[in-house]
Each structure stands twice: as structure tokens, then as C-alpha cells.
**Q** 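Before anything else, here's the structure in question.
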Amino acid sequence: MQIDLAPLEQILAGYAREERWLIPILQDAQDVYGYLPFEVLQAIARHVQVSFSKVYGVVTFYTQFHLKPRGRNVIKVCTGTACHVRGGGEVLAALEEALRIKAGETTPDLEFTLETVACLGACGLAPVIMVNEDTHGRVNPDSIKAILDSYRKTAPREVAAV
């Protein structure tokens, strides 16, 4: 698959050709592409005048960067102590079953990415998941279907023939 580099060229035009801009450029590029394709990393390396291996090292060091496409909806399941004790493992298992993927994977339709995190900082609501920026507390396996359905793309409405 060929990656359109025109959006990246617009990003790069706003930055000097200096290594100190590497991380902001990577962040902007990921915002546009949703992840960091190989071709994008190569172009960024040329722009900031560093080796590809250095750019790749930065991308693989920071967890904010992603080398594979991610889902439109990113689900983070808390695995911290409070969530674990209150059934977080069962919530994760229910999500894996409902989405037919494991933690760290993305559904084939790019609708959902499932991740685990050490803590979401909402221990009083345990077990907790986040979908994009929305926090869902006191989640249980029975509530998973409704939560997922609220984030699924809705089918376009058909106009009735007159």
C-alpha cells in the first residue's frame, strides 16, 4: 500500500530541519496518519537529518507512538490492584471474547484496539475501562456489549423511496 506523503510534507514545512523537532514532528504525523508508517519515518529521518535507526529507536522507546494502524476506538482496561481485585480480569476476558482479539491487538475492521494499562487513576470506580477519552466505571462482563455498541459505527440511514 502506497502512503500519501502530502500531509507529511505540510507538517514538515512547519519545522526547521533540526533533530530537536523530531518528537513534535512524530506526534503531528501520528495525529494525521493514526500511526507511523515506515515511509513516513523515512521522510522524517531525512528532514531532521538523522539516521532511520535513530528515528525508529525513538518511536519504539515511547509508548505514545504506534507502528501499526490502530482502531477508531481505543479501549484501555485497567489492570491495577483495585480493578484486578474487583473483576478487571473478567472484564478484559469479556472484551477479548466480544471483540475476538487479545489485548494489544486491533480488530480487522479497525474499529477497536484493546490495550491494558497499569492504572487509570479511578480506583474508586473499579473495575474501570476507558474508551477513547470516556471513562466507564464499575464495569462488569454483562455491561460490555452495551458499551461496545455505543461506540460502533452506525450504518448510514437509507432514504425511503417515494
Side-chain angles (χ1 to χ4, degrees), residues 1-80 83 91-92 94-122 125 128-137 139 144-159:
M1 180 173 94
Q2 186 73 9
I3 300 294
D4 178 14
L5 294 178
L8 178 63
E9 290 168 8
Q10 288 182 327
I11 292 168
L12 295 177
Y15 289 96
R17 300 177 69 88
E18 300 171 13
E19 183 179 350
R20 68 185 176 126
W21 297 111
L22 176 58
I23 290 178
I25 291 170
L26 289 168
Q27 290 168 327
D28 289 351
Q30 184 167 274
D31 285 345
V32 169
Y33 293 97
Y35 72 111
L36 295 167
F38 180 80
E39 298 89 342
V40 168
L41 296 179
Q42 287 179 313
I44 292 170
R46 284 190 299 271
H47 183 81
V48 298
Q49 302 175 35
V50 299
S51 68
F52 175 81
S53 62
K54 180 158 190 158
V55 173
Y56 187 82
V58 169
V59 169
T60 56
F61 179 79
Y62 292 105
T63 59
Q64 69 175 301
F65 296 123
H66 306 284
L67 293 169
K68 295 187 296 186
R70 292 168 45 95
R72 187 175 66 83
N73 299 291
V74 177
I75 303 169
K76 296 177 182 174
V77 180
C78 181
T79 60
C83 289
V91 169
L92 177 59
L95 282 162
E96 290 177 335
E97 182 179 332
L99 296 171
R100 297 186 180 132
I101 60 172
K102 295 289 183 193
E105 297 179 345
T106 299
T107 57
D109 62 0
L110 298 179
E111 189 72 21
F112 294 99
T113 293
L114 182 61
E115 301 175 342
T116 58
V117 295
C119 185
L120 289 171
L125 298 174
V128 176
I129 67 170
M130 280 188 76
V131 182
N132 305 325
E133 301 300 318
D134 304 326
T135 302
H136 298 269
V139 179
I144 295 302
K145 182 183 180 330
I147 292 170
L148 293 177
D149 286 348
S150 71
Y151 290 93
R152 292 187 195 280
K153 284 185 180 174
T154 55
R157 293 182 184 190
E158 294 184 28
V159 177

**Q** Mind checking the NZ-CD spacing from Lys68 to Glu105? Nearest 0.5 Å is all I need.
**A** 7.5 Å
**Q** Using modelled atom types and a 3.5 Å cut-off, is there a donor and acceptor pairing between side-chain atoms of Gln30 and backbone atoms of His66?
**A** yes
**Q** Count the heavy atoms of every other residue, nucleotide or ligand shown that sit under 6.0 Å from CD of Glu97, and state whether that count exceeds 12.
**A**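 Count not over threshold, so no.
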**Q** Around atom CZ of Phe52, are there more than 12 heavy atoms from other residues, nucleotides or ligands closer than 6.0 Å?
**A** yes
**Q** Could you check if a side-chain atom of Leu8 sits within less than 4.5 angstrom of a side-chain atom of Val32, using non-hydrogen atoms only?
**A**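 Sidechains of Val32 and Leu8: no contact.
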**Q** Heavy-atom distance under 4.5 Å between the side chains of Ile11 and Ile44, does that happen here?
**A** no
**Q** In Å, rounded to the nearest 0.5 Å, how long is the span from CG of Leu12 to CH2 of Trp21?
**A** 13.0 Å
**Q** Between Glu111 (side chain) and Leu99 (backbone), is there a donor-acceptor pair under 3.5 Å?
**A**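 Checked: no pair found.
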**Q** Return yes if some donor-acceptor pair links the side-chain N/O of Thr79 with the main-chain N/O of Val117 below 3.5 Å, else return no.
**A** yes
**Q** Got a donor-acceptor contact below 3.5 angstrom from the His47 side chain to the Tyr15 backbone?
**A** yes
**Q** CG/Leu41 to CG/Leu26 distance, rounded to the nearest 0.5 angstrom?
**A**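 CG of Leu26 is found 6.5 Å from CG of Leu41.
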**Q** Pick from Met130, Glu115, Glu133: which one makes a side-chain contact (heavy atoms from CB on, under 4.5 Å) with Val74?
**A**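 One option only clears the test, and that one is Glu115.
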**Q** What's the separation between atom CD in Gln27 and atom CG in Leu22, rounded to the nearest 0.5 Å?
**A**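 Reported to 0.5 Å precision, the distance equals 9.5 Å.
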**Q** Going through the distances and angles, do Ile75 and Leu95 end up as a side chain to side chain contact (heavy atoms under 4.5 Å, CB included)?
**A** CA-CA 9 Å; Ile75 303 169; Leu95 282 162; 4.0 Å; yes
**Q** Taking ring-ring contact (aromatic ring centres under 6.0 Å, His included) as the definition, give me every residue that meets it alongside His136, ordered by chain and number, with sequence neighbours left out.
**A** Tyr151
**Q** Does anything in residues 51-60 pair up under side-chain hydrogen bond (donor to acceptor under 3.5 Å, both in side chains), and if so which pairs, sequence neighbours excluded?
**A** Glu19-Lys54, Ser51-Ser53
**Q** Taking all non-hydrogen atoms of both residues, which atom of Cys119 and which atom of Cys78 are closest, and how far apart?
**A** CA-SG, 3.7 Å
**Q** Show the nearest heavy-atom pair for residues Ala122 and Val128, with the distance to one decimal.
**A**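 Here Ala122 and Val128 meet closest at O-CG2, 3.4 Å.
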**Q** The test is side chain to side chain contact (heavy atoms under 4.5 Å, CB included); show your working for Leu5 and Tyr33 and say whether it passes.
**A** CA-CA 10 Å; Leu5 294 178; Tyr33 293 97; 4.3 Å; yes
**Q** How about Arg17: does its CZ atom have over 12 heavy atoms from other parts shown lying under 6.0 Å from it?
**A**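 Yes, enclosed.
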**Q** I need the Asp4 CG to Glu9 CD distance, nearest 0.5 Å.
**A**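 These two atoms lie 8.0 Å from each other.
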**Q** Quick one: does Ile101's side chain get under 4.5 Å of Thr106's, heavy atoms only?
**A** no
**Q** Enter the distance from Tyr35:OH to Thr113:OG1 here, rounded to the nearest 0.5 Å.
**A** 12.5 Å
**Q** Would you say the side chain of Val131 lies within less than 4.5 Å of the side chain of Leu148, judging by non-hydrogen atoms?
**A** no
**Q** Any sub-3.5 Å donor-acceptor pair from Thr107's side-chain atoms to Phe112's backbone N or O?
**A**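 It does hold such a pair.
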